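One structure below.
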Amino acid sequence: MLYYQQTRKTKDAFDYLIEMGKDFIPSVYKEDYEYAKAILLTKLDNPLEAMNLILNSGFTSVKFITLYAYNLFLYMPNIITDEELKNHKLKLISLMKLGSQNSGDTYHVAFLRLMQYEIDETNQETICNFIKNSLIKELYDYNFPLYDEYIRDRYCLLLGKLCRYKDAYIFLLHNLNLKQPLHQTSYRSIR
């Protein structure tokens, strides 16, 4: 039920999770419960609330840290002062120090690195190459819809900005026909 609710994008789904939390949640499901709420807040375009929930939950697994970083990236256009941005970055750094990134969860670890690049405004070529080398294959191995759409859109946008139109065209063609993993697709097989 937690998994089902977090895949939705409605206020009703979030209210349902809140009601569920009024009953006893066994400790074995507490982390999943808090994560489902944070994902729904993200999907409902409430990044600040999602970040606060993550901080207050006390959980520091890599999926929570990644979700915090993603929400910070989404919230950055609303940040008015440099001091506020610095404060949020320090919270992210403290979460990263507390948390474990050695969980075998390569997808979230790689996406967290991407969020660090985005927040630090790393050059576009570096970000594009990182997505290609570290996240494109992961898209097809994990299929995590919250981040997959962002990764696809960002990669295609960066290819366009870097004038790599042929790569962008092939990537878009491949995403229309997902029968073959991208890392095994050659230019010749697309023709």
Side-chain angles (χ1 to χ4, degrees), residues 5-19 21 30-101 105 107-132 134-135 138-139 144-163 168:
Q5 292 298 338
Q6 79 184 27
T7 60
R8 301 173 65 202
K9 187 182 176 179
T10 65
K11 180 78 169 85
D12 290 341
F14 186 74
D15 292 342
Y16 180 87
L17 285 176
I18 297 299
E19 284 299 315
K30 188 70 173 160
E31 183 174 349
D32 292 330
Y33 173 71
E34 294 297 326
Y35 188 64
K37 288 193 316 187
I39 285 179
L40 265 172
L41 285 172
T42 303
K43 289 181 177 182
L44 293 171
D45 299 320
N46 291 320
L48 186 58
E49 287 182 47
M51 289 189 302
N52 289 332
L53 186 137
I54 291 165
L55 287 174
N56 294 332
S57 74
F59 293 107
T60 57
S61 64
V62 69
K63 65 183 183 179
F64 275 93
I65 300 168
T66 302
L67 192 56
Y68 184 90
Y70 182 60
N71 277 290
L72 175 56
F73 178 74
L74 295 176
Y75 185 66
M76 281 175 59
N78 300 320
I79 294 175
I80 298 169
T81 65
D82 290 338
E83 188 62 33
E84 184 182 2
L85 179 60
K86 182 180 175 185
N87 187 28
H88 286 297
K89 284 184 177 181
L90 288 173
K91 288 177 184 176
L92 176 60
I93 290 167
S94 67
L95 270 177
M96 291 172 67
K97 286 179 181 175
L98 289 172
S100 170
Q101 295 180 37
D105 184 349
Y107 181 80
H108 282 96
V109 170
F111 192 78
L112 179 59
R113 169 109 12 107
L114 173 62
M115 288 297 98
Q116 287 176 296
Y117 284 153
E118 297 283 18
I119 291 166
D120 294 340
E121 298 179 11
T122 304
N123 72 59
Q124 293 177 346
E125 184 73 38
T126 301
I127 293 172
C128 187
N129 289 334
F130 179 78
I131 292 171
K132 178 183 177 186
S134 300
L135 282 165
E138 303 282 355
L139 283 175
F144 193 75
L146 180 65
Y147 302 136
D148 288 358
E149 187 177 318
Y150 174 81
I151 292 167
R152 284 186 181 100
D153 291 349
R154 185 67 171 138
Y155 184 60
C156 201
L157 177 71
L158 287 171
L159 287 173
K161 285 184 175 182
L162 296 169
C163 299

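Predicted, not measured: the structure shown is a model, and the values here were computed from it. Residue indices begin at 1 and follow the sequence shown.
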- prompt: Residues two or more places apart in sequence or in another chain: which of them pass side-chain hydrogen bond (donor to acceptor under 3.5 Å, both in side chains) with Thr66?
  reply: none
message: Just verifying a value: how many Å separate Gln116 CD and Leu72 CG, rounded to the nearest 0.5 Å?
response: 11.0 Å
Side-chain donor/acceptor of Tyr33 to backbone N/O of Leu17, under 3.5 Å: yes
field: From Tyr107 atom OH to Leu112 atom CG, the distance as rounded to the nearest 0.5 Å
entry: 12.5 Å
Please list every donor-acceptor pair under 3.5 Å in which a side-chain atom of residues 74-86 meets a protein atom from a residue at least two apart or in another chain.
from, atom 1, to, atom 2, distance (Å)
Tyr75, OH, Glu84, OE2, 3.4
Thr81, OG1, Glu84, N, 3.1

- request: Could I get the full list of side-chain hydrogen bond (donor to acceptor under 3.5 Å, both in side chains) partners for Tyr117, not counting sequence neighbours?
  value: none
- request: With sequence neighbours excluded, tell me which residues meet side chain to side chain contact (heavy atoms under 4.5 Å, CB included) with Glu34.
  value: Lys30, Lys37, Leu53, Ser57, Phe59, Phe64
With a cut-off of 3.5 Å and sequence neighbours excluded, list every side-chain donor-acceptor pair involving residues 87-94.
from, atom 1, to, atom 2, distance (Å)
Ser94, OG, Leu90, O, 3.4
Ser94, OG, Lys91, O, 2.8

- prompt: Can you tell me how far the CG atom of Leu95 sits from the OG atom of Ser61, to the nearest 0.5 Å?
  reply: 10.0 Å
- request: First locate atom OG1 of Thr60, then atom CD1 of Ile54, and finally report the distance between them rounded to the nearest 0.5 Å.
  value: 12.0 Å
message: With a 4.5 Å cut-off on side-chain heavy atoms, are Tyr147 and His108 touching?
response: yes
- request: Output all residues satisfying side-chain hydrogen bond (donor to acceptor under 3.5 Å, both in side chains) with Glu49, sequence neighbours left out; order by chain, then residue number.
  value: none
- request: Would you mind reporting whether Phe130 and Leu158 have side-chain heavy atoms less than 4.5 Å apart?
  value: no
query: Heavy-atom distance under 4.5 Å between the side chains of Arg113 and Ser134, does that happen here?
result: no
task: Sorted by first residue and then second, give each salt bridge (charged side-chain N to carboxylate O under 4.0 Å, His left out) pair with at least one member in residues 59-76; sequence neighbours left out.
output: Asp32-Lys63
- prompt: Can you check side-chain contact (heavy atoms from CB on, under 4.5 Å) on Leu67 and Leu146, steps first, answer last?
  reply: CA-CA 10 Å; Leu67 192 56; Leu146 180 65; 3.6 Å; yes
- request: Mind jotting down which residue pairs meet the side chain to side chain donor-acceptor pair (under 3.5 Å) criterion with at least one end in residues 118-129? Sequence neighbours excluded, please.
  value: Glu118-Tyr150, Glu118-Arg154, Asn123-Thr126, Glu125-Asn129, Glu125-Arg164
message: Glu149: which residues meet the side chain to side chain contact (heavy atoms under 4.5 Å, CB included) condition with it, sequence neighbours left out?
response: Asp153
task: Report yes if the side chains of Leu135 and Tyr155 come closer than 4.5 Å at any heavy-atom pair, otherwise no.
output: no
task: Answer whether the closest heavy-atom distance between the side chains of Leu40 and Asn46 falls below 4.5 Å.
output: no
- prompt: What distance separates Leu41 CG from Lys11 NZ, expressed to the nearest 0.5 Å?
  reply: 8.5 Å
field: Pairing residues for Asn52 by the side-chain hydrogen bond (donor to acceptor under 3.5 Å, both in side chains) criterion, not counting sequence neighbours
entry: none
